[in-house]
Amino acid sequence: MRATTYLQGLLEKALAARDIPWPEKTTIEPPRDKAHGDLATNVAMVASKQAKTPPRQLAEALRGELLAGGDVAGVEVAGPGFLNVTFAPAFWQRTVLEVLDAGDGYGRLDIGRGTRIQVEFVSANPTGPLHIGHGRGAAVGDSLARVLRAAGFEVETEYYINDAGRQMRILGMSILYRYRELLGEPVTEPEDYYRGDYVKDLARELLDQGGRALLDLPEAEATDVCRLHGEKRILDGIKKDLRDFRVHHDVWFPESTLLAAGAVDRTFAALREKGLAYDKDGAFWFATTNFGDDKDRVLVKSGGELTYFASDIAYHDDKFRRGFDVAVDIWGADHHGYVPRMKACVAALGRDPEASLKVILVQLVNLLKGGEQIAMSTRAGKFETLADVVAEVGADAARFMFLSRKSDSHLDFDLDAVKQKSMDNPVYYVQYAHARVRSLFAKAAERGFSPAPAGPELLARLDTAEDMELLKLLEQYPDTVSAAARTFSPHLVSFYLRDLAGRLHRYYTVNPVLAAGDDALAAARLHLLAAVAAVVKNGLALLGVSAPEKM
RNA sequence: GGGCAAUUAGCUCAGUUGGAUAGAGCGUUGGCCUCCGGAGCCAAAGGCCACAGGUUCGAAUCCUGUAUUGCCCA
């Protein structure tokens with residue numbers, strides 16, 4: 001971060017002297033090949049037309065000006081006109097001071113300042129416990145919120161509770177069915193109901209609390225009692241499961257409050273006024289085709305029933321009325337067909353859908369146990385609950401696993417592998433890096449060694465190839481946070497951490513620290529490793545994974 | 001039938017939004033424990049980036065087809 005900013009400053013100045021504005025297409029990035037220096041830029045190529053100078057010639061001219069800047073040790077013009085820049089060791093060594101000074105704040109950015117983002121995730125219908133598939137959305141959403149906060153966005157997380165629809169009625173009905181069954185009443189199995197054992201438990205609770213009372217109520221009322229009881233208990237369970245998974249929602253937003261507040265009518269009226277909604281065949285339609293959808297969608301069926309879509313529009317309308325600049329929705333990938341419709345609806349609400357609605361699709365999880373795939377269905381009562389998995393493998397391992405893939409790629413969640421403490425499960429590898437450094441400090445204290453304070457002179461001892469690699473990687477951490485925030489990709493953090501942990505483990509093998517045989521060298525290396533441990537800890541915090549002192 | 005996505009090493013996946021000779025881990029093969037934590041490290045082998053065109057100084061990346069897989073919709 002500091003290196004790119006610094007280099008860009010020098011280049012901007014050089015271009016400004018030639019009356020050339022900073023070209024949009026300029027890239028400044030670490031090259032793949034280390035032989036090409038610390039940072040490479042294409043600026044001479046993209047500015048050559050404006051400068052009316054061939055790329056290589058422009059590059060040569062810029063080269064001289066860069067070398068005049070104190071921290072640049074070398075500049076090389078390569079290929080069609082790349083500038084390969086190498087910084088002086090002292091420049092990198094300062095990174096240690098930067099990290100140690102900032103502590104927990106290293107990697108905090110302000111690229112999001114002034115932007116309010118709402119991240120809505122999980123939002124599973126309270127018709128049954130969360131299963132492992134929900135776990136992925138939970139990990140991704142929670143971690144994304146942490147990343148965005150670190151990047152300086154003002155973030156609020158929310159769980160939308162679909163408590164008003166058909167699914168909830170079916171839940172009520174399912175509980176009532178089990179209730180009657182428990183009492184030995186004559187029952188016929190409903191065609192469509194929730195079969196999980198938890199439904200029987202809920203029925204038994206009602207029985208224990210109120211006895212046979214429900215039998216005396218009219219069917220509809222009894223169903224309602226069952227539904228409300230089930231909803232409350234299941235929602236409490238969901239909240240607990242998320243807590244145990246270290247997932248936090250700032251706001252729990254029930255669909256029913258939206259209806260009660262008249263938000264749906266308000267949104268409908270606004271659409272009708274804009275000529276975007278109309279009556280046809282006894283139903284109420286939303287003209288989404290105006291916004292690129294392939295056909296118009298029904299909001300109110302001819303029977304008067306609202307579609308899912310109707311309350312979702314009102315809900316998103318409400319989000320924007322609450323003042324969010326960006327709404328992030330995290331959905332299961334099976335809802336991808338819904339994206340164009342939602343974008344259309346945001347456009348109809350008078351907002352730029354690309355800028356203000358970001359839908360992140362999270363692919364389904366294949367749960368594997370003993371090499372076998374486990375099929376899951378809430379309705380059929382066949383699923384592995386999130387709570388069970390967390391109890392079995394721990395929140396750390398589960399979260400890291402979910403965050404170690406791009407969210408829109410398929411994920412095989414192999415229970416046996418996640419429990420293994422090996423590279424199949426990199427969370428231990430990363431945590432171990434932290435524990436290793438911390439234990440080194442414990443050891444130093446035990447031996448009565450107190451390192452001299454870090455300063456440029458002391459840190460000049462960090463001059464091996466491994467030192468440089470670690471220093472450069474530390475310096476890239478803020479860039480990683482930035483990229484993760486800008487592309488809504490928390491998994492970038494986990495890849496970075498694996499990389500950093502790998503470098504640390506190698507460093508440890510090659511360069512003795514306490515056994516360096518020289519107090520100044522030992523101190524310098526301790527400071528470097530303290531910085532590494534701090535970054536590992538900050539990164540793990542973004543993933544919601546703990547950084548243990550010892551393992 | 002229409003739509004959305006995916007396709008990179010034996011397996012699981014990255015690839016910084018178009019940069020230079022393609023990157024990890026696992027697995028395989030071969031090394032490293034008188035040494036601060038071996039839950040570790042080093043090395044080797046392994047690639048037509050699904051296929052065919054196109055765009056430009058330059059493509060795994062963008063565009064158009066084709067194939068395969070997954071998922072949505074009627």
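Quick note on labels: first sequence line is chain A, next is B, and so on, each numbered from 1. Keep in mind that what you see is a predicted model, and the values were worked out from it rather than measured.
Under a 4.0 Å N-O distance rule, the pair A:Lys343/A:Glu354 qualifies as a salt bridge. The pair A:Lys472-A:Asp38 meets the salt-bridge criterion, with a side-chain N (NZ, NE, NH1 or NH2) lying under 4.0 Å from an Asp/Glu carboxylate O. Salt-bridge annotation for A:Glu469 and A:Arg506: present, with a side-chain N of the basic residue lying under 4.0 Å from a carboxylate O of the acidic one.
Across all strands, A:Asn42 comes closer than 4.0 Å to base atoms (heavy-atom distances). Using a 4.0 Å heavy-atom criterion, one finds that A:Ala516 contacts no nucleic acid atom at all. Residue contacts for A:His335: at a heavy-atom cut-off of 4.0 Å it reaches no nucleic acid atom on any strand shown. Among the protein residues, A:His505 comes within range of the sugar-phosphate backbone only, with heavy atoms under 4.0 Å from sugar or phosphate atoms but none that close to a base. A:Pro30 comes within 4.0 angstrom of a nucleotide base, judged by non-hydrogen atoms across all strands. Contacts of A:Tyr508 with the nucleic acid, taken as non-hydrogen atoms under 4.0 Å apart, include base atoms. A:Thr480 comes within contact range of no nucleotide atom at all, as no heavy-atom separation falls under 4.0 Å. Across all strands shown, A:Ala78 has heavy atoms under 4.0 Å from base atoms, whether or not it also approaches the sugar-phosphate. Contact annotation for A:Tyr432: base contact, defined as any heavy-atom pair under 4.0 Å involving a base atom.
The cationic group of A:Arg113 does not satisfy the cation-pi geometry with A:Phe153, failing either the under 6.0 Å distance to the six-membered ring centre or the 45° limit from the ring axis. Stacking of A:Arg341 on the aromatic ring of A:Phe286 is not recorded, the 6.0 Å distance cut-off and the 45° axial limit not both being met. The cationic atom of A:Arg498 (NZ for Lys, CZ for Arg) lies less than 6.0 Å from the six-membered ring centre of A:Phe495 and within 45° of the ring axis.
Across every strand in view, B:G58 sits unpaired, with no contact that passes the Watson-Crick or G-U test at under 3.5 angstrom. Of the nucleotides present, B:G31 is the one that pairs with B:C41 by Watson-Crick or G-U wobble criteria, both distances under 3.5 Å. Here B:C26 sits opposite B:G10 as a Watson-Crick or G-U wobble pair (both hydrogen-bonding atom distances under 3.5 Å). Of the nucleotides present, none pairs with B:C49 by Watson-Crick or G-U wobble criteria with both distances under 3.5 Å. Base-pair partner of B:C71: B:G3 (Watson-Crick or G-U wobble, both distances under 3.5 Å).
Taking atom CZ on A:Arg486 and atom P on B:U16, their separation rounds to 11 Å, with Å as the unit. A straight line from CE of A:Met342 to P of B:C73 spans 17 Å, rounded to a whole angstrom. As rounded to whole Å, 9 Å separates atom P of B:C41 from atom CZ of A:Arg506. What separates CG of A:Asp334 from P of B:C73 is a distance of 9 Å, to the nearest Å. Regarding A:Arg297, its CZ atom lies at a distance of 10 Å from the P atom of B:C73, rounded to whole Å. Regarding A:Asn84, its CG atom lies at a distance of 11 Å from the P atom of B:A20, rounded to whole Å. In this structure, A:Glu466 places its CD atom 19 Å from P of B:C36, rounding to the nearest Å. What separates CG of A:Leu504 from C1' of B:G38 is a distance of 15 Å, to the nearest Å.
Residue-to-nucleotide contacts include no donor-acceptor pair under 3.5 Å from the side chain of A:His336 to the base of B:C72.
With the nearest nucleotide of RNA chain B identified for both A:Ala483 and A:Glu549, A:Ala483 has the one nearer the 5' end.
Nearest to the side-chain atoms of A:Arg436 among the listed nucleotides B:U17, B:G38, B:G25 stands B:G38. In this structure, the nucleotide among B:G40, B:A39, B:C36 sitting nearest to the side chain of A:Thr509 is B:G40. The A:Leu492 side chain lies nearest to B:G15 when the options are B:C36, B:C13, B:G15. When distances are taken from the side chain of A:Phe82 to each of B:C13, B:U17, B:A20, the shortest belongs to B:A20. When each of B:A39, B:G15, B:G40 is scored by its nearest atom to the side-chain atoms of A:His491, the top-ranked nucleotide is B:G15. Distance from the side chain of A:Tyr429 is smallest to B:C41 among B:U16, B:U12, B:C41. Relative to the side chain of A:Lys406, the nucleotides B:A20, B:A14, B:C72 differ in distance, and B:A14 lies closest.
Here the separation of B:C26 from B:A39, taken at their P atoms, is 15 Å to the nearest Å. Only the C1' atoms considered, B:G15 is 13 Å distant from B:G19, to the nearest whole Å. Across the C1' atoms, B:C49 and B:G38 are found 36 Å apart, a figure rounded to whole Å.
Scanning all heavy atoms of the two residues, the minimum distance from A:Ala533 to A:His434 falls at O-CD2, 3.4 Å.
With ring centers used as reference points, A:His505 lies under 6.0 Å from A:Tyr429.
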